[in-house]
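To keep things clear, I will list the structure first and then write my remarks on it.
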Amino acid sequence: MGMMKKSRIKSPWLLHYDGSSCNGCDIEVLACLTPVYDVERFGIINTGNPKHADILLITGGVNQRAARVVRNLYEQMPHPKVVVAVGACACSGGIFHDCYNMLGGIDKVIPVDVYVPGCAARPEAIIDGVVQALGLLAEKTNKEAAV
Amino acid sequence: MITGKQLVSAAIWLPAAAALLCYLWRSYKGRNLVVWASGVVLAACSIGLYLTGPFNYQPGEIAGLSWNTVISTADFALLALILLIGIKRRHILIIMLALFQAALLIYFDAVLGGGELEPGPAFVIDHLSIIMALVINIVGSLICIYGVKYIGEHEDQHSGQTSATSWLSSHSGSRQPRFMFWLVIFLGAMNGLVFADNLYWMYFFWEVTTFCSFQLIGHDLSEEAIANACRALWINSLGGTAFALALVVLVRYGGGDYLSIQYLLIHGAGPGMTMIMLATALLVLAGMTKSAQLPFQSWLLGAMVAPTPVSALLHSSTMVKAGVYLILRLAPVYIGTYLSDIIAIAGGFTFLVTSILAVSQSNAKRVLAYSTIANLGLIIACAGINTPAAISAAIILIIFHAVSKGLLFLCTGFVEHRIGSRNIEDMEGLADRMPLTTIIFTVGIISMFLPPFGMLVGKWAALEAAAHLPLAALFMVMGSAVTALFWIKWLGRMLEGNPGEVQSGLEPMAINYKASLIGLAAGAVLLGILVIPLIRSLVMPAVSQYYSSPGLNTAAQSIVIGNSGLFAVWPWFVLLLIIMVSARLLYDPKKTKSAPVYLCGENSSSTSYTSTGEQSIQPALSSYYFDGFLGEARWTPTVNSLAVLIIMVLLGVTVL
Amino acid sequence: MKLDAIQVNSGDLLPAVKKYLDEGYRLVTITCVDEGEKIRLLYSFDLELSLANLELSLAREEAAPSISCVSPGAFLVENEIKELFGVRIDDISLDLGGRLYMVPGAKEAPMARSAPVAGKGEK
Amino acid sequence: MVPITLTVLKNLTSRPRTRMYPLEERQVPDGSRGQIEFDMSKCIFCTLCAKRCPTDAISVDRKGKILDFDPYRCIVCEFCLEGCAKDAIYLLPQWRTPVTEKQIAGYRTPAAQESNQNLNVYSDVPG
Amino acid sequence: MNELLIASLVIMAAPFLGGLLSGLDRVISARMQGRVGPPVLQPFYDVLKLLGKESLAANRRQVTWVLAYLGLIMASLVLFSLGGDLLIIVFTMAFAAIAFVLGGFSVKSPYSHIGSQRELLQMLAYEPVLILLAVGLYLQNGSFLVRDLINQGQPLLTSLPLVFIALLIILTIKMRKSPFDLSTSHHGHQELVKGITTEYSGPALALIEITHWYELVLVLGLVAMFWTSPWWIGIILAFLAFFLELIIDNCCARLTWNYMLKFTWGSGLALCLINLGWILARGKGGF
Amino acid sequence: MAGITAPFGPQHPVLPEPIHLNITYEDETVVSLAPALGYVHRGLEKLAERKEFTQNIFILERVCGICSFMHAMTYCMGIEELMGIEISPRSKYLRVFYSEISRIHSHLLWLGLFADAFGFENLFMQYWAIREKIVDLMEMTGGQRVILSSCAIGGIRRDLNTDQVTAARNILHEVEEELGRINPVIMNDYTVKQRTVGKGILSKADAVAYGMVGPVLRASGVAQDLRQEGYAAYGELGFEPVVEQDGDCYARALVRVREVYQAIELARQALNYLPEGETAVKVKGNPQGETIQRVEQPRGEVFYYIKANGSKILERIRIRTPTFAHIPGLLKMLPGCSMADVPVILLSIDPCISCTER
């Protein structure tokens with residue numbers, strides 16, 4: 001089983017969804033894919049499909065309508081999966097935490113594994129967060145129970 | 001021991017007797033019994049014929065009259081009937097064509113004394129006619145068994161909505177016996193046509209099949225059915241006229257014994273015989289109208305109004321095959337001439353154009369009709385190429401097309417009764433509602449054009465033969481690419497199921513349906529597996545009878561690789577079996593969670609999504625029909641005029 | 001610092017808007033200001049960078065006519081005002097029925113002056 | 001087609017311009033807004049920064065002399081830094097490292113710190 | 001008996017070769033974009049990870065058709081390596097592609113449905129050229145068998161140059177590279193999400209990936225067939241074609257399906273016909 | 001023929017931000033569509049009516065991450081007009097410099113996403129590699145890579161020292177030189193033209209009727225750019241709007257490409273004629289009255305309406321962002337195009353959904 005665990009770390013496929021973000025953090029996530037930061041070195045691909053993804057990377061807080069979408073995406077991802085919340089809004093709702101339409105951080109809707117702070121979290125911080133998430137991914141099994 | 005002669009007369013007379021019995025026997029059970037019995041006997045007859053091998057048969061007198069006079073009187077009676085129908089339906093074309101044919105026949109009998117000619121044995125049963133007999137009797141009887149049950153259900157469903165003017169509601173008693181009468185008698189007519197060597201007799205059976213088709217298409221008696229029946233009648237009578245003209249030309253310029261096909265095959269070829277070649281061209285033209293080739297395809301599409309067994313029996317497996325049988329029978333006559341190339345191009349052109357038109361159809365039966373015309377075009381193209389390999393390809397295509405297309409028509413009929421519509425879009429998710437039918441449909445469609453099944457061997461041989469005629473090769477190549485498009489588009493629509501819907505076992509099927517559907521499906525698979533023995537026993541003798549080499553070399557170079565195209569088939573079916581079994585092992589519903597469909601994250605349930613204004617919407621799917629580019633309305637006029645041009649060239653080239 | 005806006009009542013709002021649009025003006029937006037007892041709707045138009053404003057003041061329950069029949073782009077902002085401020089604007093060309101932003105269960109007219117300020121989140 | 005092919009071939013032959021992040025860290029310019037830190041020796045708990053913070057990330061308990069700072073709500077806007085009378089708040093260019101558990105950073109005066117050893121007392125974020 | 005040996009050898013070796021090739025493909029594409037790119041063994045890690053994931057599937061049909069896709073591509077590769085009949089190989093590849101399409105169709109999901117329709121259109125585009133390739137081989141060598149190619153004197157490329165160019169045109173479609181990666185593509189941002197593979201996940205997706213490796217080896221084998229006298233020139237030819245596809249992939253935008261149909265039928269078929277006509281005219285065929 | 005009804009949903013690989021279009025296709029041509037927004041609506045106008053007017057800058061900077069500086073600048077100009085503050089010439093020029101840098105940054109970002117929409121992944125990588133240089137420049141000068149919070153009421157929070165100015169000039173020169181190599185691709189590459197020319201056409205009359213703004217309006221032939229009003233230091237720098245005539249996706253791409261060159265030129269001029277003096281003016285008291293401010297954002301004209309009643313808390317802030325004006329135009333362009341063009345047309349208006357829904 002060692003090879004399986006190792007391959008899980010070496011080829012994490014990532015689904016990026018923008019909850020209710022101001023697209024500052026989204027640009028930084030996309031910047032990670034570009035030549036200057038190039039996360040494909042770690043085998044990370046940005047698949048647009050929850051069914052292919054291992055890591056759910058969410059930027060921005062969650063408003064009432066986005067909560068439903070975030071929950072759907074999380075449920076559609078096959079196990080083992082991890083959730084990375086990128087940016088102050090994703091961690092705790094940030095500057096918008098007491099707007100009338102905001103529920104707050106991502107942990108209000110789905111269990112979050114890694115929090116990446118920063119208002120417009122830097123690509124390096126995001127890479128750190130994803131690398132940390134890989135450690136958690138290896139431990140999880142593909143059964144429903146050990147979520 | 002039953003001699004060959006008794007088998008032939010049985011093959012022709014038994015269906016007539018059975019039809020009469022069906023007509024008289026009012027109860028369904030009785031008719032069912034008769035059809036089953038006659039089906040079994042007919043099949044036995046054809047197998048018997050196969051065992052006895054080729055022989056000639058000249059029937060003796062009956063009640064003092066020679067058969068010829070009986071045939072000619074029956075002919076005139078038939079023409080009178082057609083004339084009557086023309087007048088009753090006030091259809092000028094039918095009247096004119098019937099009169100013209102009558103005139104030709106009178107000229108033929110009176111002036112040339114054709115009626116009394118005895119150019120040779122009336123019936124010559126050689127390998128080709130045995131193959132045709134096998135197809136007609138086995139596939140035909142299965143379809144009749146299906147038809148008995150189908151027409152019963154058809155009547156219950158239609159008695160409610162048939163339009164007021166239909167004769168049905170006004171006339172007391174159901175029309176099932178009448179339907180079965182024409183359906184079963186048709187088998188006899190086809191057997192007769194296939195055995196006949198005397199062209200005049202063949203002409204009689206030719207007219208009988210046209211009349212049967214008219215009666216069966218008009219079964220529902222709605223305006224649409226009657227209009228289409230009339231159209232079918234006048235186009236086929238056009239073919240009949242060409243046939244009669246050919247008879248006159250043959251006797252007038254060639255002398256009496258040209259009436260026998262065997263004589264024609266031996267003496268007909270050669271440069272000097274322009275008039276004989278013109279007659280052959282006319283016969284080919286008659287064949288083309290019968291198999292609804294390009295300019296004449298409208299009647300077959302109209303005939304789709306008829307109940308499905310009619311479409312299956314007449315308009316795909318047997319009747320339209322008569323035209324192709326005639327063209328194939330005459331192939332040695334026009335071997336090597338320009339006529340042969342033109343026929344190849346006409347066939348290829350039809351194959352390509354009708355395949356493309358089939359893409360834009362959403363009515364299942366019209367797709368099947370277009371695909372039938374396409375495959376007939378392919379067979380005619382092979383006949384046109386006229387090399388031993390091409391002829392064997394044509395025969396293989398005839399056998400497999402009859403089985404697979406019949407199967408598909410019957411499946412469509414059965415589905416139509418269950419879901420009440422013929423539109424492909426309404427067949428969405430059939431795999432979950434009717435799993436057994438979908439499996440049979442899959443076998444049918446796969447056997448139409450994919451490797452392990454026979455049709456592909458035919459197509460392979462056709463391509464190999466067409467290599468010397470680039471234009472025909474181009475038509476075939478593009479046509480076969482397009483066939484994949486419309487078949488899989490349709491099958492795909494049937495397979496589309498919602499996740500998580502557990503199949504609750506196979507759907508109920510009446511014994512008649514089971515027998516015919518599963519019988520034909522098993523037939524398709526069996527013929528696929530036994531394709532090489534089939535070729536050795538049936539096709540090669542038929543080809544080597546008239547051509548120098550047997551065409552296909554069935555010796556296998558290695559386990560997997562056959563010689564020049566013929567491949568050992570059994571590894572294929574082993575592979576398909578392995579795939580089925582491993583799929584069952586790998587996927588066990590308990591372990592695999594059924595995932596909701598990907599709907600951009602907005603799933604409100606496993607199949608629907610929340611859209612504008614927070615309403616939950618089901619995604620609607622529909623296949624592509626390219627109505628803009630390939631629409632029937634846009635293409636048919638141009639295509640028909642091109643085809644008429646080809647026909648002109650076809651006739652013209654013989655004369656020049 | 002006052003804005004130079006032409007006062008209009010709901011009757012002749014539509015012809016005024018039509019006049020501006022025919023002169024080649026472009027509708028910039030509709031601003032809704034909730035002053036407790038009355039609501040002011042400010043229609044601003046722009047032609048070669050110069051701004052022209054129409055102002056319509058309504059009582060709390062009074063309905064405003066929709067101008068989306070004249071200016072096709074106005075339906076989105078009218079839907080927003082209807083949903084967030086609770087102002088009744090009837091027969092908008094593409095009416096999302098108060099579901100543009102908010103989920104069915106959410107509070108009605110969250111931006112109105114009377115609405116409580118704190119949102120769903122903690123403190 | 002031509003211009004892009006030249007670029008493609010040039011890229012293929014030249015060194016990729018990726019910053020190999022985990023192996024070599026790039027030198028972040030000093031003015032860059034990384035994370036906010038509190039120098040408790042200068043802080044007089046005057047709650048000025050708590051009032052100015054647009055995201056209410058800082059809460060000061062004057063009597064208990066505790067300053068609670070939620071690093072996951074702070075948007076690093078330096079507004080508290082500009083308003084602090086005693087310049088007790090300073091800016092580090094280095095970005096804050098991601099964590100798996102959110103904690104509130106509780107700061108105390110240096111004197112109070114001797115009593116419990118660790119400088120930053122972390123407690124779980126309510127809710 | 002050696003046939004069985006060759007067959008099992010090919011079935012074992014081909015995925016590794018295919019995996020390496022697609023790994024190489026991702027590294028070279030990355031370097032062309034000025035990026036470092038993943039390690040060359042990345043495709044193997046991807047497939048191993050996918051095999052380890054929880055298997056989600058809508059119904060059994062989906063898995064059956066994927067297995068059919070894998071089995072049939074393996075069959076055509078075995079037939080090709082044993083020197084079987086090229087026309088049957090082409091038709092088996094068609095059956096494999098159809099199995100893949102039916103797999104895509106077997107779930108009522110909009111993106112997988114549209115992806116499958118587009119895959120059918122792609123088949124419509126490249127099928128005629130492949131069949132004409134087989135017919136060309138027949139005209140040149142007198143038989144469809146690939147094994148008869150080996151003892152032919154002059155290589156196929158000299159007599160079928162235009163057919164080779166047509167094959168390169170449709171190679172873009174078979175390798176799912178832009179400008180014709182319409183039904184599904186490795187590029188992240190495809191307007192059909194993942195097209196035909198949208199509804200697959202975990203082990204089923206791993207099978208599809210492995211089948212793509214087999215298909216890659218088979219298609220490059222077809223290219224290598226054009227120069228068999230010293231066989232290693234064929235291999236070089238295949239690599240050159242592979243590299244050319246990578247360059248085209250990185251230098252073109254994705255085009256629409258009607259452009260693809262017009263382009264492949266317009267230029268691909270025309271080239272083949274000119275070539276076949278030239279062979280026929282050159283003395284009633286080579287044999 | 002029943003068509004295909006499919007969601008072009010909130011989560012889609014081509015969409016940078018969540019917007020939902022419920023599209024009905026028939027044989028791959030769009031027949032009808034209905035939008036659904038609300039995935040990013042946070043309700044920050046209400047939040048701004050609770051915080052103090054000085055804290056609002058940081059809220060309004062985060063309306064949209066890409067054009068954050070211009071939101072803050074418009075708000076500050078509004079408050080300065082209400083309080084009658086006159087900002088120093090140096091901060092005017094610095095505001096022009098920062099605006100033009102974030103315009104270059106926004107347009108390069110858009111060009112990358114636009115290339116990715118029609119499947120040209122390589123071009124996406126090239127444009128974003130160049131953009132990294134601009135982002136480094138922003139981090140060096142403004143302090144943040146994306147949310148450039150360096151604007152305050154009364155001027156600029158951080159001054160540029162001399163070596164920062166020279167570094168900025170080098171970076172601008174490098175960017176201009178690299179763009180010279182990449183722009184010809186999007187301008188005359190055959191496959192790109194095949195996918196963009198003649199798609200999503202908006203005539204001049206429609207553009208005005210639907211209330212289009214910015215590059216989309218200028219691509220349809222209306223020469224209107226708010227920088228002609230000469231706010232901040234644009235009056236002294238001399239400025240001509242960039243106009244195209246045929247109003248399709250290709251024209252919009254061309255307008256934005258030429259605007260990048262123009263922005264580099266303006267930023268360089270702002271640096272060359274940077275006057276001396278301090279950058280921030282002390283601010284006393286509270287704003288009073290109401291005002292409308294309009295500024296040219298990378299996506300178009302942003303419209304701020306501010307009403308203050310003399311207290312620390314403002315009474316009403318109304319923001320109408322450019323993408324809000326573009327959405328009705330988008331719904332006019334999309335019907336009739338083919339399925340493959342939907343992402344191209346959708347991205348051709350450079351949608352910034354977080355701007356639209358505030």
Side-chain angles (χ1 to χ4, degrees), chain A residues 15-38 40 46-50 52-53 56 58-70 72-73 76 87-89 93-103 118-124, chain F residues 9-18 20 36-48 50-51 55 58-59 61-68 71 105-106 109 112-113 116 121 124-133 135-136 139 144-149 352-355 357-358:
Chain A
L15 167 68
H16 161 236
Y17 180 62
D18 161 353
S20 310
S21 135
C22 74
N23 73 32
C25 296
D26 301 281
I27 309 168
E28 295 299 66
V29 168
L30 281 175
C32 295
L33 302 169
T34 56
V36 173
Y37 288 97
D38 187 20
E40 214 189 342
N46 182 0
T47 67
N49 186 349
H52 296 190
L56 179 59
I58 298 187
T59 55
V62 184
N63 77 2
Q64 289 170 13
R65 183 167 277 181
R68 175 180 65 218
V69 179
V70 168
N72 276 334
L73 288 180
Q76 279 183 19
C89 296
I95 192 166
F96 307 113
H97 66 274
D98 57 6
C99 288
Y100 59 80
N101 200 17
M102 284 292 274
L103 297 180
C119 186
R122 282 187 171 55
E124 288 96 343
Chain F
Q11 191 274 328
H12 195 281
V14 152
L15 288 174
E17 287 170 287
H20 173 79
L37 301 168
Y39 297 101
V40 189
H41 178 62
R42 298 150 288 194
L44 56 83
E45 280 173 2
K46 188 77 180 178
L47 186 65
R50 189 166 71 81
K51 302 271 180 182
Q55 291 174 325
F58 302 108
I59 295 173
E61 259 171 4
R62 286 162 178 79
V63 163
C64 154
I66 310 170
C67 38
S68 79
H71 277 290
H105 153 70
S106 162
L109 178 143
L113 285 180
D116 208 20
E121 203 184 24
F124 163 70
M125 296 296 179
Q126 305 303 329
Y127 271 115
W128 279 60
I130 302 170
R131 183 189 147 269
E132 280 301 318
K133 289 192 169 61
V135 170
D136 289 349
E139 184 169 29
Q144 280 266 27
R145 274 169 59 89
V146 176
I147 310 274
L148 196 68
S149 53
C352 168
I353 311 299
S354 44
C355 274
E357 293 170 2
R358 296 172 309 287

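Everything quoted here is computed from the prediction, not taken from an experiment. In what follows, every chain begins at residue 1, and chains take the letters A, B, ... in the order their sequences are listed. Note that these values count all heavy atoms, side chains included, but never hydrogens, waters or copies made by symmetry.
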- prompt: For F:His105, which residues count as a ring-ring contact (aromatic ring centres under 6.0 Å, His included) partner, sequence neighbours excluded?
  reply: none
- request: Please assess A:Ser20 against F:Glu357 for the test side-chain contact (heavy atoms from CB on, under 4.5 Å), listing each intermediate value before the final yes or no.
  value: CA-CA 10 Å; A:Ser20 310; F:Glu357 293 170 2; over 6 Å; no
task: With the side chain counted from C-beta on, respond yes when A:Asp18 and F:Ser354 share a heavy-atom pair under 4.5 Å apart, and no when they do not.
output: no
message: When you compare the side chain of F:Cys64 with that of A:Asn23, does any pair of heavy atoms fall below 4.5 Å?
response: yes
query: Can you name the one residue among A:Leu33, A:Val36, A:Ile27 that meets side chain to side chain contact (heavy atoms under 4.5 Å, CB included) with F:Trp128?
result: A:Ile27
- prompt: Listed by chain and number, what are the side-chain hydrogen bond (donor to acceptor under 3.5 Å, both in side chains) partners of A:Asp38, not counting sequence neighbours?
  reply: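 Expected list: E:Arg35.
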Pair A:Arg122 + F:Glu139: basic N to acidic O under 4.0 Å: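 So A:Arg122 pairs with F:Glu139 through a salt bridge.
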Counting only heavy atoms closer than 4.5 Å, note whether [X] contacts chain A via side chain, backbone, both or neither.
X        : result
F:Ile130 : neither
F:His41  : both
F:Leu44  : both
F:Tyr127 : neither

Pairwise distance [atom1]([X]) to [atom2]([Y]) - rounded to 0.5 angstrom:
X        : Y        : atom1 : atom2 : result
F:Lys51  : A:Ile95  : NZ    : CD1   : 7.0 Å
F:Arg42  : A:Cys89  : CZ    : SG    : 7.5 Å
A:Tyr17  : F:His12  : OH    : NE2   : 13.0 Å
F:Arg131 : A:Thr34  : CZ    : OG1   : 7.5 Å
F:Leu109 : A:Asp26  : CG    : CG    : 10.5 Å
F:Leu47  : A:Tyr100 : CG    : OH    : 10.5 Å

Kindly give the heavy-atom pair with the smallest separation between [X] and [Y], and that separation in Å.
X        : Y       : value
F:Arg62  : A:Phe96 : O-CZ, 3.4 Å
F:Glu17  : A:Ser21 : OE2-O, 4.5 Å
F:Ile147 : A:Cys22 : CD1-SG, 4.1 Å
A:Gly19  : F:Val40 : O-CG2, 4.2 Å

Side-chain donor/acceptor of A:Arg65 to backbone N/O of F:Leu37, under 3.5 Å: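 Checking the backbone N and O of F:Leu37 against the side chain of A:Arg65, a donor-acceptor pair under 3.5 Å is found.
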task: Look only at the side chain of A:Asn63 and the backbone of F:Gly38, and say whether a donor-acceptor pair between them is shorter than 3.5 Å.
output: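 Looks like yes, one N/O pair under 3.5 Å.
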message: The test is side-chain contact (heavy atoms from CB on, under 4.5 Å); show your working for F:Gln11 and A:Asn72 and say whether it passes.
response: CA-CA 10 Å; F:Gln11 191 274 328; A:Asn72 276 334; over 6 Å; no
- request: Heavy atoms only, distances under 4.5 angstrom: which of A:Pro35, A:Ala120, A:Ala66 has the most pairs with chain F? Name it, please.
  value: A:Pro35
Which of F:Gly43, F:Ala129, F:Gly112, F:Ser149 touches chain A most, by non-hydrogen pairs under 4.5 Å: F:Gly43
